[in-house]
Amino acid sequence: MRRPLAVFGLGFLAAQWLLISAPLAGFLPAALFVLGAYLYKGRRGYPRLLLAAGLLALGLFCVYRVRRVIPAERLSGGEYALRLEVTEAGASYGDGIVRGEARVLLLNGAKPGSPLHIAFDALPECEAGDLVEGRFLLRGLEQDVWRPSYYADGVFLRAEYAGEFARAGSAGGWRAAVRGLRRAFGANIARYIPKPYRGVLRAMTTGDKTALSAGQRRLFRSAGLSHVLVVSGLHLGILAGFLGGGKNRRRFYRLRALLTLCLVLLLMAVSGFGPSVCRAGLAAILCQVGSLLLLTPDAVTSLGFAALLLGLQNPYAAGDVGLQLSVCATLGVLFAGRAARRFGAFCPARGRLGRLLNRAAEWALPSLFAVLFTLPVQLWNGIAVSGAALPANLLTLWLVKPLLFCGLGCAVLGFVPFLWPLHRLCSFAGSLLAKCFCGIAAALVKLPFAFLALHRGYALFVWACLFLLGLWAWRAGCFGRFWLAAPGVLLAAVLCGGALSQDVVELALVGSGYNPCAVVLQNGQALVLFRGGSTNAQAVSRYLELRGIGPPALLVDLRAEPGAQPLAAQTTLLLEELPQNQEQARLFGGVSLRLWNGGQGNLVLLSAGGYTAAMASGSPRFGQQVPVDLLLAGPGAPGSLRPGAVLYTSAAYPWLEHLPQGCIRLYSRTDPILRLRPGRSVTFEEVLHDPQ
């Protein structure tokens, strides 16, 4: 049996991900692995390893929930006096307010029974490493796509600041030393580099993205280059290859391996020991330890062992999106190496053309397979898929290595005053490279295919079909024919998907659970029905960005006191400025809008294919009852509306108790989505019927 540790570790990680995705069906991983054992029929002993990995994951998951998660969740709903060590802090929605994470040192004057970490959205201004005290209301985390990532970091509760805030000094120990070193690195990098580009080098060298502007974050996310701006396996692999690569017979290989180990550990600490960087760091450390012991390092075994160690430390580590992307990208790169060798056998490097084709395959296949292998993770987690990701990675890959070394050079040379000429030279080179990097990303996001609005379920189905077909072709030895047939199959799938999604109306409640906005999408255009404040504006912007959609074509402001324009839009309507009790009509693609200023509240009716949804602010009243199929609930009572169903994201509305008999109640704690196919069907996602 080849690579048993790799099979066990990756199977263990997959089982943990299944448990996180379906926690109420804890037997699912074991059942799947038993099925795998039956299908493999004992081949190479893999079934027994997979079954053992599934059972170990199930047992560890249960123990961790009993020992760590359940005691933390029991604190939800209570108000406590807490003493916190702030571990992360960043800008929030207002001046003088920060959001981040913290470690609980004292709970009502006593140490918590087990390590306890919390997240907070609004805390008086403080920095990472500060000790703060105050009264906080603890609540459980929302059931959204980000919850597994919080659990992967050991955060099980969210704290709402209630008062009595006080600073109690700064934390000491090795964490403080690492934070101080990270700040010193960042200051050295920023000393001679202009502001627009210093954030790129700081992010690539230390993982600190605070110096990146919101526009830069959107730019790199749209170009599919966000992975370059964190300390990941790509960066650690560059360092390992430069310092500790080569054959063991080369001179000073032990010294170089030790130096690589120290540098990898330093970068892991400076970047915060996140699950994805720990995966990459552990794999790099194992490879270097193998070099020290005169063993040939095996990347697949190192990957599996790193996944096993992370899963043993926290069974929820598999829920971290960064770790999923890291593991899948690594598998893609490893698979690309084998594909390049097969391509070399299929197309021997004879003559200038043969050598050119082989070099092109070695250059393009790693980026191609990394993009393909990470695509299902992006789709599953609702992350926007960039059509520019592949060309962006191909065109910027050569810049990553010199940018990383320029950043490290600036960080280290800044500690030696008499080496300031070298420091300035390194900063100048880093600025030019960062400018080139940003310019390529900015040019690519302007391409027509830069934003891909994919339906998650359909895209995952197409990807799975192509993956299984490619796997069969690989095993059957006809992989070349698969590459010839795949573009035609993909084109047919795209055309079929475009036909199926034509004129489909997608409506989502986004933002504050108590007073959300509505985002309506049709044929790549967005309509926003806005209410609430700046928090809702940020949530809507993020939602549209993740869907790969630019500014909304139409924004309808339902607020009684509109104030400043919440979002940039092509057209903005203020319902408060309309004549009272007079209906106005608008069209948005295939959706007709009826707008009212009802005096005591504003109302919008959306109609498509005979189905009508209503959204109001306040409690608009008219001379007669207005029947609607669906009410998008808010804090105001329905007033003169007579809904057949109510969709809400907060159960705190008092008027819910007075709904007429027969009205269907649809509840969701996440961003609920209504998908309307005019004249055909109406479906809901992430919604519970009659929760009481």
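Just so it is clear, the model here is predicted, and its values are computed rather than measured. The chain is numbered in sequence order, starting from 1.
- Contact of the Leu433 side chain with the Cys406 side chain is registered, since non-hydrogen atoms from C-beta on lie closer than 4.5 Å.
- Between Phe156 and Tyr151, the angle of the ring planes goes over 60°, which puts this pair in the perpendicular group of the 30/60° scheme.
- Listed by chain and number, the residues in a salt bridge (Lys or Arg N to Asp or Glu O under 4.0 Å) with Arg103 are Glu85 (sequence neighbours excluded).
- The distance from atom NE2 of His117 to atom CD of Glu88, rounded to the nearest 0.5 Å, is 10.0 Å.
- Here Phe461 contributes atom CZ and Leu466 contributes atom CG; the two are 10.0 Å apart, rounded to the nearest 0.5 Å.
- Residues Ala307 and Gly9 approach most closely at CB-O, 4.0 Å, considering heavy atoms.
- Distance check, rounded to the nearest 0.5 Å: CG of Leu312 to CG of Leu308 gives 4.5 Å.
- Between Cys62 and Leu58, some side-chain heavy-atom pair lies under the 4.5 Å cut-off.
- Closest of all the heavy-atom pairs between Leu395 and Ile440 is O-CD1, 3.8 Å.
- With a 4.5 Å cut-off on side-chain heavy atoms, Phe467 and Leu372 do not count as touching.
- The backbone N or O of Glu101 lies less than 3.5 Å from a partner atom in the side chain of Thr87, making a donor-acceptor pair.
- Leu310 is not listed as a side-chain neighbour of Leu13, based on a closest heavy-atom distance of 4.5 Å or more.
- Closest heavy-atom contact between Ala441 and Leu225: CB-CD1, 4.0 Å.
- In this pair, Phe373 and Phe369 present their aromatic rings tilted. The plane angle is within the 30 to 60° band.
- Scanning all heavy atoms of the two residues, the minimum distance from Ala392 to Ala223 falls at CB-O, 3.3 Å.
- Taking each heavy atom of Leu201 and Leu403 in turn, the nearest pair found is CD1-CD2, 3.8 Å.
- Judged purely by atom type and a 3.5 angstrom limit, Gln16 uses its side chain to pair as donor or acceptor with the backbone of Gly311.
- Checked against the 6.0 Å centroid criterion, the rings of Phe8 and Phe305 do not qualify as a close aromatic pair.
- Residues Arg68 and Asn314 have side chains not in contact (no heavy-atom distance under 4.5 Å, counting atoms from C-beta outward).
- Contact annotation: the side chain of Leu331 approaches that of Leu10 to within less than 4.5 Å [non-hydrogen atoms, C-beta and beyond].
- When all heavy atoms are compared, the tightest approach of Leu460 to Trp380 is CD1-CE3, 3.9 Å.
- Put simply, the side chain of Leu212 does not reach to within 4.5 Å of the side chain of Arg202, judged on heavy atoms.
- In this structure the side chain of Leu375 never reaches within 4.5 angstrom of the side chain of Val371, judged on heavy atoms.
- A distance of 10.5 Å separates OG1 in Thr205 from CZ in Phe405, rounded to the nearest 0.5 Å.
- Of the inter-residue distances, the one linking Ile118 atom CD1 with Leu157 atom CG reads 8.5 Å to the nearest 0.5 angstrom.
- Separation of atoms CG (Leu404) and CG (Leu399) is listed at 12.5 Å; rounding is to 0.5 Å.
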